[in-house]
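A short worksheet on the structure shown next.
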Amino acid sequence: MAQTDRAAYLDSLSPGTDIDHRGTAFTEPLLNSLLNALRDPSTGHPRFGFARFGSATFRGDAWFQSAIFQGFAGFGSATFQGVARFESATFRAGVWFGAATFRQMAWFQSATFESIAGFGSAIFQKAARFESATFLDEAGFQSTTFQRDARYESVTFHNGVWFRAAKFQHAARFGAATFERDAGFESAVIHRDARFEQSIFQRSVSLGPLMCAGKVLLSEAVFSGPALLSFAARHLVCWRTRWSSTAELRLRYATVDFAHAVFEHPLTIAEKAAPFVLPPGQPVDEQVLADASATVRVVSLRGVDAAHLVLADVDLSECLFTGTVHLDQLRLEGTCSFGMVPPRTHWRRWHPVRFTQRRTLAEEHHWRASQPTAVPGWDTAVLGAGHTGPAQLAPVYRALRKSLEDTKNEPGAADFYYGEMEMRRHDRTGTTRTERGLLHGYWLLSGYGLRASRALGWLLAAMLVTVVLLMGFGLPRDSPKQRATGSVPSSGGNVTFVIEKDIAQNPSEDRITRHRFEKALNVTLNSVVFRASGQDLTTAGTYIEMISRLLEPTLLALAVFAVRGRIKR
């Protein structure tokens, strides 16, 4: 178009005029002239009818601030070589930016999209800023590429919004956004953090499967309806997140921080063993997480009311439980793993220290590692454990024990019972010295009735001591003989005899003989099963047998109970 023709054309325009500039190469003066020609005198803002800029090229900055598009606005395949500014613009009849390229920053702050807004396959090479924008109808960002930050803070989506297969090469920011309907992020890939802090999801939402190479931040977000969240991410942070309905989190790779989350309906956190699959059966590409650990770990449940919480197939070895409410109602499904004690034998001064394997809490690792007499192997890198000690850990172990007992998992509950007793034994504030002494003896004899090998070892030692004592002091030299004494009256009549037994005497030599060993073993074995042997004993032997009949059956019972605790269901 010639210069004179162009001027005449611009002079003929009036606000609200339909324009068609598809394929036009706009310089900045030409665009400014067009916008000035369409500027409403009363408001000073450009006002368009139908505006078609498909395949247009904007070589300078494109200034559409506060513009009003009364008809459809088409920017499909347009190229913005400079800054694209659409702040406070109003699109009343739909807008299409499909396959558009924004080479500099794209500003859409406070823009209003009253009808459908399409950005499918668009490319934002610099930051895309949609803060405080309002989408009254559906918004589509399918297959859109954001090469820098995508900022949607305080955006309101009144209808569905779709980011299927979108690629965020930097962070995606949706802080304080409001999603009144569906939010689709199927197979979206975010190379850095996905930030949804303080966002509001007003209806049921199925978010994901979403791939995130950084953190998914849902802190202080609100889910008003049922939620199904499918994330493959390195971290998931849900500080003070509120769930007002049922929810399920299907996760891969993620380290989950659920501190102070609030929910009053069933909520499940489960590991997804296999990759997520999209219709028609195609697995989601997880290349951005190729170097991440496949295990889903929960690192904090502090401040959570666990009455409706279900954990399935997650790693709890680093999880902080102190401060969790209704922990006894927590349900553990599948193979939830906990931390273990140091696996090897260590030497402390002159004696070895070996821990029997059991499931432990992260806070116990931290507390034991902080003790002056700690052996190597306890995990010292427990973040957030603070000054948690035995007084705080005993009730936590007790609640977890009850939780497993209620699901008939007696072997699993046994480990938490052991942890509870250990914390009571080491608690110098809530446990008296006498009680600690009793607990120490109970631990030493049988590991609180849970270590059969320890009880059997003490039983064998007690039997050996009993046999040796009986051979040395308890068995008489010979079996005492009965002796009858009496007198025959001279006048005849009845004869009276008094039968007495000699006092049993210890031999002065040859106490350790095979014959005496067999007798001592017989007495000892009868004592184990709480029976009297009927063997003649010395006075010392009688007391030895009495003590063995009290101690040895007790040790045998402790061993039986320990075995039962490991096999009972």
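Not measured: the values here are computed from a predicted model. Positions are given from 1, in the same order as the sequence printed here.
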Practice task
May I ask you to say whether D291 pairs ionically with R234, meaning some side-chain N is under 4.0 Å from a carboxylate O?
Solution key: yes

Handout entry: Non-hydrogen side-chain atoms of Q392 and E363 separated by less than 4.5 Å
Key = no

Handout entry: Check: R252 side chain, A273 main-chain N or O, donor-acceptor pair, under 3.5 Å
Key = yes

Exercise for the section: For W458, look at atom CH2 and say whether over 12 heavy atoms of other residues, nucleotides or ligands are found less than 6.0 Å away. Expected result: no

Handout entry: Option among F146, F75, F86, F80 that satisfies the ring-ring contact (aromatic ring centres under 6.0 Å, His included) test with F102
Key = F80

Practice task
Could you walk me through whether K215 and D193 pass the side-chain contact (heavy atoms from CB on, under 4.5 Å) test, one step at a time?
Solution key: CA-CA 5 Å; K215 298 178 180 178; D193 295 345; 3.7 Å; yes

Handout entry: R359 side chain vs G412 backbone, donor-acceptor pair below 3.5 Å
Key = yes

Handout entry: Salt-bridge present (E435, R424; N to O < 4.0 Å)
Key = yes

Exercise for the section: Provide the closest heavy-atom pair for L289 versus A233 in the form atom of the first, atom of the second, distance. Expected result: CD1-N, 3.8 Å

Handout entry: N/O donor-acceptor pair under 3.5 Å between T101 side chain and I123 backbone
Key = no

Practice task
Scan side-chain atoms only and decide if E405 and Y417 contain a donor-acceptor pair under the 3.5 Å cut-off.
Solution key: no

Handout entry: Any side-chain donor near an acceptor of the partner, D315 and S317, under 3.5 Å
Key = yes

Practice task
Report yes or no: is the cationic atom of R451 (NZ for Lys, CZ for Arg) closer than 6.0 Å to the six-membered ring centre of Y418, at no more than 45° off its axis?
Solution key: yes

Exercise for the section: State, to 0.1 Å, how close E271 and D313 come at their nearest heavy-atom pair, and which atoms those are. Expected result: OE1-O, 2.7 Å

Exercise for the section: Flag the pair R250 and E248 as a salt bridge only when some basic side-chain nitrogen lies within less than 4.0 angstrom of an acidic carboxylate oxygen. Expected result: yes

Problem - Heavy-atom closest contact (C336 atom, L311 atom, distance) - result: SG-O, 3.4 Å

Problem - Side-chain (T360) to main-chain (G339) donor-acceptor, under 3.5 angstrom - result: yes

Problem - Residues D305, H326; criterion side-chain hydrogen bond (donor to acceptor under 3.5 Å, both in side chains); working and verdict - result: CA-CA 6 Å; D305 186 342; H326 294 144; 2.9 Å; yes

Exercise for the section: For residues R425 and R436, report the shortest heavy-atom separation together with the two atoms involved. Expected result: O-CD, 3.3 Å

Exercise for the section: Please tell me if the side chains of L251 and V314 come closer than 4.5 Å, counting only heavy atoms from C-beta onward. Expected result: no

Completion exercise
Sorted by chain and residue number, the salt bridge (Lys or Arg N to Asp or Glu O under 4.0 Å) partners of R331 (sequence neighbours excluded) come out as E333

Fill in the blank from the handout: Only residue of F196, F108, F141 satisfying ring-ring contact (aromatic ring centres under 6.0 Å, His included) with Y152 is F141

Problem - Short side-chain to backbone donor-acceptor contact, Q329 and A306, under 3.5 Å - result: no

Handout entry: Minimum heavy-atom distance between T324 and L301, given as atom pair plus value
Key = OG1-O, 2.8 Å

Problem - With L236, the side chain to side chain contact (heavy atoms under 4.5 Å, CB included) member among D257, L249, V296, V298 - result: L249

Handout entry: Candidate list F163, W96, F130, test ring-ring contact (aromatic ring centres under 6.0 Å, His included), partner F119, passing option
Key = F130

Practice task
Without swapping roles, check the side chain of S199 against the backbone of F174 for a donor-acceptor pair under 3.5 Å.
Solution key: yes

Handout entry: Pair R203 + E180, salt bridge at N-O below 4.0 Å
Key = no

Handout entry: Exam field: side chain H158 to backbone T134, donor-acceptor pair closer than 3.5 Å
Key = no

Exercise for the section: Assess whether ring-ring contact (aromatic ring centres under 6.0 Å, His included) is satisfied between Y253 and F231, documenting all intermediate values. Expected result: CA-CA 9 Å; Y253 307 103; F231 297 144; over 10 Å; no

Exercise for the section: Check whether any side-chain heavy atom of Q169 sits under 4.5 Å from a side-chain heavy atom of T145, and report yes or no. Expected result: yes

Exercise for the section: Check whether the side chains of Y397 and E364 place a donor and an acceptor atom closer than 3.5 Å, and report yes or no. Expected result: yes

Problem - Centroid-centroid distance, F263 to F223, less than 6.0 Å - result: no

Practice task
Provide the closest heavy-atom pair for R368 versus R358 in the form atom of the first, atom of the second, distance.
Solution key: NH2-NH2, 3.8 Å

